[in-house]
Structure formats: structure tokens, C-alpha cells
Amino acid sequence: MSRVGRVERVTKETSVLVEIDLDGSGKVDVSTGVGFYDHMLDQLGRHGLFDLTVKTEGDLHIDSHHTIEDTALALGAAFKQALGDKVGIYRFGNCTVPLDESLAQVTVDLSGRPYLVHTEPENMAPMIGEYDTTMTRHILESFVAQARIALHVHVPYGRNAHHIVECQFKALARALRYASERDPRAAGILPSTKGAL
């Protein structure tokens, strides 16, 4: 049974199409008009081994906020859709990823309850190309809200803004991959004592 999610989101500000296959091989086709964000979504697909297609057209003549936010919302919704009933998955995942001087620690629970804890070094460079570095937390907030997962992202140290953000996406990709993978010892079992996720 394939685990694929497809979401189209159209507003006066953006038009977004996201398709994700959780059991893919890391094939990525991404275009948002924000180069660094495309680079981060590429990390998510490749390191998560998700086949990921993202096509976003947004009001970039204003700024990149709506484009980035709406893409993250659609991605979260598509991820939730692809997870399906969550029977047989590991549910929990974590990963620590270094990128030169930066380190990201990510832990995820595919719990059905949206919650984000996010810390990263203060006084980061405000921009990476056209990417506003304050948007990283908002991307995660938007993704979590729609995917309905608990997510903890902690960057205890780092100096280069590019590295600080990129190691978060790489660690997130791996943590999501581990949590969403099927557990061969738990086939047909929902990983919850409540009987629902």
C-alpha cells in the first residue's frame, strides 16, 4: 500500500502543489521561487528518502513570507495524508546532525497533537539570499500545525546562518524518516495505548 499525500492550496497570495511519497528514494522536484528554501526542501526529500514535488507560485513581489508559509502548510497536510492510519509505524524518531560548526538535534512524535519546541542561536544573520532566517521557526510551526505532530528542534550552537538552518532540515528529514518507517515487529499494530493517533 503506497503512502502518498497530495495537497493543492490556492489563495489570493499563493498557489501551491505538494506531493510526497514516504516510501520513495529521495527524488526531489522543488520550485518555490525562493532559492534557499528550495535548497532546504531538497534536503528534506533527499535525507528523508521521500519523493517530493513542490510547485509554488507566490506574491514574491511583496516578499517571500506567504510563499514560504503556505508551502509549509501544504507540506504538513500532505505528510499527514501520506501517513494514513499510522498502523505499524515506529511513531518516534530522532536525529542529531552536525554541519561544520553547527549542530541540530531533532526529536519527533507522530502523535496527532501539534506542538513545537524550537531553539536556535540568537543574533543570526537576518537573511540568506532572499530567505529571512526568522522564517525557519514559522516553517516548522506551519508544518507541525498541519501534520499534527510534536516536534522538538534544538540547535545548541552554530555560527554560520546557512549551516544553522540547513542542519535543522537535515535532522528533521532523518527524524521524520525514522518515525514514519514501518516497524517489522509491529505490523498491524497502532503504536498507542489510547488506540488512536
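Quick note: numbers below take in every heavy atom, side chains included, and nothing from hydrogens, waters or symmetry partners.
Salt-bridge check for Asp109 with Arg91: passed, with a basic side-chain N closer than 4.0 Å to an acidic carboxylate O. Between Asp59 and Lys12, none of the side-chain N atoms (NZ, or NE/NH1/NH2) sits under 4.0 Å from a carboxylate O, so this pair counts as no salt bridge. Of the charged side-chain nitrogens involved, none lies within less than 4.0 Å of a carboxylate oxygen, so that Glu57 and Lys55 do not count as a salt-bridged pair.
Panel note: side chain Gln43, backbone Phe169; no donor-acceptor pair is recorded below 3.5 Å. A donor-acceptor distance shorter than 3.5 angstrom exists from the side chain of Asp51 to the backbone of Ser25, with no hydrogens or angles considered. Using modelled atom types, one side-chain atom of Gln81 and one backbone atom of Arg6 make a donor-acceptor pair closer than 3.5 Å. Proximity of a side-chain donor or acceptor of Arg177 to a complementary backbone N or O of Leu49 within less than 3.5 Å is not detected.
What you find for Thr14 and His66 is that their closest heavy atoms are CG2-O, 3.6 Å. Residue Arg3 comes nearest to Ala82 through the heavy atom pair CB-O, 3.2 Å, listed as atom of the first residue, atom of the second, then distance. Taking both residues in full, the closest heavy atoms of Arg9 and Ala74 are given as CB-CB, 4.4 Å, listed atom of the first, atom of the second, then distance. Nearest heavy-atom pair, Ile139 versus Ala72, reported as atom, atom and distance to 0.1 Å: O-CB, 3.6 Å. Across every non-hydrogen atom of Ile164 and Val155, the tightest pair is CG2-CG1, 4.1 Å. Of all heavy-atom pairs between Ala173 and Leu44, the closest is CB-O, 3.4 Å.
Using a 4.5 Å cut-off on side-chain heavy atoms (C-beta onward), Val16 and Val10 make no contact. Contact of the Leu75 side chain with the Leu52 side chain is registered, since non-hydrogen atoms from C-beta on lie closer than 4.5 Å. Considering only heavy atoms from C-beta on, Asn160 comes within 4.5 Å of Glu101 through its side chain. Counting only heavy atoms from C-beta outward, the side chains of Ser180 and Leu110 approach each other to under 4.5 Å. Using a 4.5 Å heavy-atom cutoff, the side chains of Val34 and Leu60 are in contact. With a 4.5 Å cut-off on side-chain heavy atoms, Thr56 and Ser15 do not count as touching. Two residues are said to be in side-chain contact when any heavy atoms from C-beta on lie closer than 4.5 Å; Leu103 and Val97 fail this criterion. With contacts defined as side-chain heavy-atom distances shorter than 4.5 Å, the pair Val117/Leu151 does not qualify.
To the nearest 0.5 angstrom, Asp132 atom CG is 7.5 Å from Ile68 atom CD1. In this structure, the separation between CD1 on Ile128 and CD on Glu166 is 9.0 Å, given to the nearest 0.5 Å. Annotation: the span from Leu172 atom CG to His47 atom NE2 amounts to 12.0 Å, rounded to 0.5 Å. Summarising the geometry, atom OH belonging to Tyr157 is positioned 15.5 Å from atom CD belonging to Glu120; distances are rounded to the nearest 0.5 Å. Atoms CD1 and CG, on Ile189 and Asp183 in that order, are 8.0 Å from each other to the nearest 0.5 Å.
There is no path of hydrophobic side-chain contacts, each under 4.5 Å, that joins Leu17 to Met40. When hydrophobic clusters are built by joining Ile, Leu, Val, Met, Phe, Trp and Tyr residues whose side-chain heavy atoms come closer than 4.5 Å, directly or via intermediates, Leu197 is not grouped with Leu22. Under a hydrophobic clustering in which Ile, Leu, Val, Met, Phe, Trp and Tyr are joined whenever their side-chain heavy atoms come within less than 4.5 Å, directly or via other members, Val108 and Phe92 fall into different clusters. Tyr90 and Leu190 fall into different hydrophobic clusters, where Ile, Leu, Val, Met, Phe, Trp and Tyr side chains are chained together by heavy-atom contacts under 4.5 Å. Hydrophobic cluster membership differs between Leu73 and Leu176, with clusters built from Ile, Leu, Val, Met, Phe, Trp and Tyr side chains linked at under 4.5 angstrom.
Enclosure of atom NZ in Lys80 is not indicated, since only 12 or fewer non-hydrogen atoms of other residues, nucleotides or ligands lie within 6.0 angstrom. In this structure, Glu130 places its CD atom where only 12 or fewer heavy-atom neighbours from other residues, nucleotides or ligands lie under 6.0 Å away.
His154 and Thr119 form a side-chain donor-acceptor contact under 3.5 Å, judged by distance and modelled atom types alone. Between the side chains of Thr32 and Thr67, no donor-acceptor pair is found at a separation under 3.5 Å.
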Next item on the list: Give the C-alpha distance, both sets of side-chain angles, the deciding distance and a yes or no for side chain to side chain donor-acceptor pair (under 3.5 Å) between Thr107 and Asn94.
Entry: CA-CA 4 Å; Thr107 304; Asn94 66 79; 5.2 Å; no
Item checked: Derivation of the side chain to side chain contact (heavy atoms under 4.5 Å, CB included) call for Val54 and Thr71 -> CA-CA 8 Å; Val54 177; Thr71 300; 3.6 Å; yes
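Residues forming a side chain to side chain donor-acceptor pair (under 3.5 Å) with Thr136 (at least two apart in sequence, or on another chain): Tyr131. Partners of His162 according to the ring-ring contact (aromatic ring centres under 6.0 Å, His included) rule, which considers only residues two or more places apart in sequence or in another chain, are Phe36, His39.
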Taking distance alone, no hydrogens or angles, what donor-acceptor pairs closer than 3.5 Å link side-chain atoms of residues 140-149 to residues at least two apart or in another chain?
residue : atom : partner : partner atom : Å
Glu141  : OE1  : His138  : ND1          : 3.1
Ser142  : OG   : His138  : O            : 2.9
Arg148  : NE   : Gly112  : O            : 3.3
Arg148  : NH2  : Gly112  : O            : 3.4

